[in-house]
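Read the structure below first, then the notes.
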There are 2 protein chains.
Amino acid sequence: MSVRTRNLTHTPPAEVSLQDALDALGDPVRRTILRDLAGSPDWTRACGTFDLPVTKGTRSHHFAVLRAAGLIEQRDEGSRRLNRLRRPEFDEHFPGLLDLVLAEPAAG
Amino acid sequence: MSVRTRNLTHTPPAEVSLQDALDALGDPVRRTILRDLAGSPDWTRACGTFDLPVTKGTRSHHFAVLRAAGLIEQRDEGSRRLNRLRRPEFDEHFPGLLDLVLAEPAAG
DNA sequence: GTAGGTGTTCGACGTCAATCGAACATTTCG
DNA sequence: CGAAATGTTCGATTGACGTCGAACACCTAC
């Protein structure tokens, strides 16, 4: 039974360490996803709609890391997987951290 | 002429990217140094006075990374090299980030 | 049913950073 | 002077992570 079938995708992590958060935010591709996501309404962006310099497989990996760090939430809609930035939830655990990422100039 | 002789150690970096900051804070040994340093008055802690699970060479490397990220400043005092946490300077560039690290439970 | 679009998983590869140990430089102290 | 203490630097090793490509699963059309 696949992860997708079991629908585990939707379960947010119970606890996220600062180490996990910093690791997740340490990759520029992942920060690009977060900034892009912050500029769109919730549940309007599928994984494939992000302009990223990596292939499908790598892209999927990055979304998994963001999920595990509690930074995003995903929901299946037909054949696509829609995303939502878990901003208030993450801010509660690590106030100010996500703000720094979102304030970072794109492509930088 | 060695770096030490030229005294380049004291020069803080001109500009630090978020990438550099996250990289520097991404290592648990370096966060231990920062927390320990925050608990001591400025210029009272030599590099060797920190309880770290690494050898001399690695320790020196970590201090160099923290220096390059603008997180600490160093000054020679005899044969020892004293440290100071550049808290206000770093907070100005990345407000809230260092606070999260210093609030992190030790050894975690 | 067949085809196309979307996303995941897996193995393999390359690269980068942390680590160690040894050699070296500098200062201090006997 | 010689010896100990403090840090740095360098080469080599190792492990982790980002990446790709192919295979697979699922949904939605036609």
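Note that these values count all heavy atoms, side chains included, but never hydrogens, waters or copies made by symmetry. Quick note on labels: first sequence line is chain A, next is B, and so on, each numbered from 1.
- The phosphate of C/dT8 has OP1 or OP2 within less than 4.0 Å of a side-chain N or O from A/Ser60.
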If you look only at distance, which donor and acceptor atoms sit under 3.5 Å apart when one is on a side chain in residues 42-57 of chain B and the other is two or more places apart or in another chain?
| unit_1 | atom_1 | unit_2 | atom_2 | d |
| --- | --- | --- | --- | --- |
| B/Thr44 | OG1 | B/Pro41 | O | 2.7 |
| B/Arg45 | NE | B/Thr49 | OG1 | 2.9 |
| B/Arg45 | NH1 | B/Asp36 | OD1 | 3.1 |
| B/Arg45 | NH1 | B/Ser40 | OG | 3.0 |
| B/Arg45 | NH2 | B/Asp36 | OD2 | 3.4 |
| B/Arg45 | NH2 | B/Thr49 | O | 2.8 |
| B/Arg45 | NH2 | B/Thr49 | OG1 | 3.4 |
| B/Thr49 | OG1 | B/Ala46 | O | 2.7 |

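- In this structure, A/Phe63 places its CZ atom 13 Å from C1' of C/dT8, rounding to the nearest Å.
- Rounded to 10 degrees, the angle between the two end axes of the helix from C/dG1-D/dC30 to C/dG30-D/dC1 is 10°, with five pairs used at each end.
- Remark: A/Pro13 pairs with A/Val16 by the side chain to side chain contact (heavy atoms under 4.5 Å, CB included) rule, at least two apart or across chains.
- Out of C/dG7, C/dT8, D/dG7, the shortest distance to the side chain of B/Arg81 is found at D/dG7.
- Residues satisfying the side chain to side chain contact (heavy atoms under 4.5 Å, CB included) test with A/Pro95, not counting sequence neighbours, are B/Leu100.
- With sequence neighbours excluded, the residues satisfying side chain to side chain contact (heavy atoms under 4.5 Å, CB included) with A/His62 are A/Asp27, A/Val29, A/Arg30, A/Ile33, A/Thr58.
- Annotation: salt bridge (Lys or Arg N to Asp or Glu O under 4.0 Å) contacts of A/Asp23 (sequence neighbours excluded): none.
- Looking at residues two or more places apart in sequence or on another chain, you find a side chain to side chain contact (heavy atoms under 4.5 Å, CB included) between A/Ala64 and A/Arg67.
- Using a 4.0 Å cutoff on non-hydrogen atoms, the parts of residues 41-51 of chain A near DNA chain C are A/Ala46, A/Cys47, A/Gly48, ordered by number.
- Residue B/Val65 is found outside any hydrophobic cluster, as its side-chain heavy atoms come under 4.5 Å of no other Ile, Leu, Val, Met, Phe, Trp or Tyr.
- Put simply, CD on A/Gln19 is 13 Å from P on D/dA16, counting in whole angstrom units.
- Applying the salt bridge (Lys or Arg N to Asp or Glu O under 4.0 Å) criterion to B/Arg59, with sequence neighbours excluded, gives no partner residue.
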- Task: Can you check each nucleotide of nucleotides 13-23 of chain C against protein heavy atoms at under 4.0 Å and return B for base, S for sugar-phosphate only, - for none, in 5' to 3' order?
- Result: -----SBBB--
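- Closest approach of B/Phe90 and B/Ala69 over heavy atoms only: CE1-O, 3.8 Å.
- The side-chain hydrogen bond (donor to acceptor under 3.5 Å, both in side chains) search around B/Asp20 returns B/Ser17, not counting sequence neighbours.
- The CD1-P distance, from B/Ile33 to D/dG7, rounds to 12 Å in whole Å.
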